[in-house]
Asks: 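Have a look at the structure that comes next, please.
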Number of protein chains: 2
Amino acid sequence: MFTTSTTSDQFAVSRSAPLASTGARQTKLWSSLSEVCQLMQVPVSHADDTVRFQHVQFRAGQRIYTIGQPFDMLYVVYSGFLKTVAIDESGNELVLGFPMKGDMFGIDGIHGKAYTSEVVALSTCDVILIPFKTLLTIGKASPDVEQAMWGAMGRELIREQRMISSIGSLGAEARVARFLMSLSDRFAEIGFSSKQFNLRMTRQEIGSYLGLTLETVSRTLSAFNALGLISVEQKTVTIHEPDSLKTLRRLPPSKHAARSAAKLAA
Amino acid sequence: MFTTSTTSDQFAVSRSAPLASTGARQTKLWSSLSEVCQLMQVPVSHADDTVRFQHVQFRAGQRIYTIGQPFDMLYVVYSGFLKTVAIDESGNELVLGFPMKGDMFGIDGIHGKAYTSEVVALSTCDVILIPFKTLLTIGKASPDVEQAMWGAMGRELIREQRMISSIGSLGAEARVARFLMSLSDRFAEIGFSSKQFNLRMTRQEIGSYLGLTLETVSRTLSAFNALGLISVEQKTVTIHEPDSLKTLRRLPPSKHAARSAAKLAA
DNA sequence: CGGGTCCTTGACAGATTTCAAGACGTGTGG
DNA sequence: CCACACGTCTTGAAATCTGTCAAGGACCCG
């Protein structure tokens with residue numbers, strides 16, 4: 001009744017997470033600490049592998065957690081694609097990110113004992129459950145793990161800073177271009193093609209994420225296509241000139257905002 | 001040669017951090033752990049007060065740290081006002097925040113061993129130096145402190161998520177209105193008037209922070225003034241209708257973006 | 001009092017959103 | 001198997017907002 005694997009239409013270069021293609025869904029049910037660390041690409045020496053973390057599967061559209069739900073878990077994506085969204089006071093969805101393999105989410109719940117966002121699966125997903133208390137305990141014994149935790153948190157913080165910068169200072173074209181290159185890089189990291197891939201999210205979701213309307217996203221994509229920078233057909237994207245996309249910058253805001261620095265030094 | 005206190009023109013309601021008005025700058029030089037926690041408004045039971053943290057003073061324009069500088073310290077504002085800025089690849093300044101009393105900064109350095117932003121004093125400031133290693137050590141012994149650290153980190157994360165939402169989905173008027181109310185609330189928290197206060201930053205800095213130009217900020221402020229919502233004269237702002245400002249919402253983006261949720265439930 | 005920075009205001013251009021209509025794709029039910 | 005319904009994507013035209021450029025005034029400091 002359901003597809004064997006929602007990632008099957010992704011243009012895979014190598015498959016590190018083979019899913020059984022034989023009838024029933026036969027996926028990995030537990031991961032050790034070192035496996036999780038490897039997935040997240042954090043270096044950890046001699047991890048205590050007596051601890052094992054449970055996996056849980058979700059299908060497209062299902063919610064991993066909702067806003068206001070008591071916080072007790074962190075999550076790491078083992079496979080699949082998701083989106084994290086906030087709901088503003090008007091009830092509008094605001095997409096905050098698109099977690100994929102190796103990404104951790106749920107971090108926003110650490111403060112205040114409850115999640116402030118919700119996470120929805122965009123495809124069939126396999127996520128690893130990591131009880132926060134357990135992680136804290138492990139951290140006490142292993143400085144490596146503790147450091148990794150702080151690092152993960154810090155990375156997220158920096159990623160958000162970059163988003164703020166982008167949305168605040170770049171035009172629509174540059175934002176979409178960066179979004180594409182960001183996806184490209186992430187796909188490359190997890191073993192997919194960086195040149196050709198499927199968008200798992202709608203134009204509306206991309207627009208929400210970038211602070212644009214779906215029409216603007218669509219138009220920009222069409223423009224890139226016309227310029228030969230990419231090829232787009234529905235959800236399938238092929239990158240032709242990554243360098244141009246990376247460089248692309250049209251600046252609606254400050255142009256003469258030269259460094260006002262160098263006034264007083266400490 | 002320098003002003004006795006740059007906060008002296010703030011419309012104070014209560015003064016919890018008295019500065020000596022007698023000639024030479026006679027400020028607090030050390031704070032205990034519990035004092036720092038109190039400043040940050042984090043509840044901590046029986047803190048180890050044998051540890052003391054050094055204070056350092058800065059004058060307007062001085063940099064607390066710069067981008068790329070090796071990370072080893074976190075900072076808590078004891079008094080004064082600052083701004084944290086990132087520099088994008090074009091060399092433009094991008095204001096990320098305006099730390100004030102009780103705020104912690106330097107968190108962005110935890111990941112990657114180096115700061116990714118710089119922090120500049122907007123007025124005479126007194127900041128507390130908190131060696132990260134020391135904090136980690138204390139955290140191991142005191143779950144309270146450790147929890148507080150995670151909480152501080154998480155709070156910052158959520159704050160940035162809010163910023164992304166605002167910049168991405170609100171028009172200029174709403175952004176400025178929220179900015180004013182945010183300042184108002186923070187001033188109230190640290191014992192200043194929430195109705196009348198001085199902007200410590202320039203329109204340019206506000207604009208950079210909100211993803212707008214200084215002209216738009218100026219115009220919007222003037223418009224609010226004309227509507228009677230506030231009074232502005234240069235740096236002095238008086239809030240007249242906080243409720244209107246909080247509610248104000250002009251939506252350039254999605255209007256018909258009704259909840260597309262409620263499709264599949266977990 | 002002069003220089004410099006910051007703020008305000010106006011006119012204009014340009015980008016993005018809004019509104020609207022139609023094509024494309026997929027899934028469901030007959 | 002096909003038709004229909006729905007959600008998604010594309011494209012066009014007009015309206016609006018915000019940025020850009022420019023000039024003048026206010027304020028601070030030396």
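Please read these numbers as outputs of a predicted model, since none were measured by experiment. Chain naming here is simple, since letters A, B, ... match the order of the sequence lines and numbering starts at 1 in each.
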Asks: Nearest whole Å is fine: how far is D:dC17 P from B:I167 CD1?
Replies: 20 Å
Asks: Is there a donor in the side chain of A:S165 and an acceptor in the side chain of B:D88, or the other way round, less than 3.5 Å apart?
Replies: no
Asks: Would you compute the distance between atom CZ of A:F192 and atom NZ of A:K101 and round it to the nearest 0.5 angstrom?
Replies: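 The distance works out to 7.0 Å.
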Asks: A:R175 CZ to C:dA15 P: how many Å, rounded?
Replies: 14 Å
Asks: Applying a 4.0 Å non-hydrogen cut-off, can you work out what A:G211 is touching in the nucleic acid: base, sugar-phosphate, or nothing?
Replies: sugar-phosphate
Asks: May I have the distance from A:L210 (atom CG) to C:dT16 (atom P), rounded to whole angstrom?
Replies: 12 Å
Asks: Side-chain N or O of B:K235 versus OP1/OP2 of D:dC27: is the shortest distance under 4.0 Å?
Replies: no
Asks: Is it the case that the base of D:dT20 and the side chain of B:R219 share a donor-acceptor contact (distance under 3.5 Å, atom types as modelled)?
Replies: yes
Asks: Tell me whether the OP1 or OP2 atom of D:dT11 has a side-chain N or O from A:S222 closer than 4.0 Å.
Replies: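 Yes, because at least one side-chain N or O of A:S222 sits under 4.0 Å from OP1 or OP2 of D:dT11.
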Asks: Expressed as a whole number of angstroms, how long is the span from A:E233:CD to D:dT11:P?
Replies: 12 Å
Asks: Which residue in the set B:L82, B:V77, B:V119, B:V56 passes side chain to side chain contact (heavy atoms under 4.5 Å, CB included) when paired with B:C125?
Replies: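 Answer to the side chain to side chain contact (heavy atoms under 4.5 Å, CB included) test with B:C125 among B:L82, B:V77, B:V119, B:V56: B:L82.
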Asks: Return the value, rounded to whole Å, for the distance between atom CG of A:L221 and atom C1' of D:dT11.
Replies: 14 Å
Asks: To the nearest angstrom, how far is A:E205 atom CD from D:dG7 atom P?
Replies: 14 Å
Asks: From C-beta outward on B:E215, which listed nucleotide comes closest to its side chain: D:dT11, C:dT9, C:dC24?
Replies: C:dT9
Asks: Tell me: CG of B:L214 to C1' of D:dA22, nearest whole Å?
Replies: 13 Å
Asks: If I take atom CG in residue B:L122 and atom P in nucleotide C:dT5, what distance separates them, rounded to the nearest angstrom?
Replies: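 Atom-to-atom, B:L122 to C:dT5, this comes out as 17 Å.
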Asks: Counting heavy atoms from C-beta on, name the nucleotide in D:dC9, D:dG12, C:dC7 closest to the side chain of A:R203.
Replies: D:dC9
Asks: We want to know whether B:T66 and B:E118 form a side-chain donor-acceptor pair, criterion being a heavy-atom distance below 3.5 angstrom.
Replies: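 Note: B:T66 and B:E118 side chains miss the donor-acceptor criterion.
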Asks: Answer with base, sugar-phosphate or nothing: what part of the nucleic acid does B:S218 contact at a heavy-atom distance below 4.0 Å?
Replies: base
Asks: Can you check whether any acceptor in the base of D:dC17 is under 3.5 Å from a donor in the side chain of B:E173, or vice versa?
Replies: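 Donor-acceptor pair under 3.5 Å: no.
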Asks: For the pair B:R186 and B:E189, evaluate salt bridge (charged side-chain N to carboxylate O under 4.0 Å, His left out) and give the outcome as yes or no after the intermediate values.
Replies: CA-CA 5 Å; B:R186 293 168 76 193; B:E189 275 176 29; over 6 Å; no
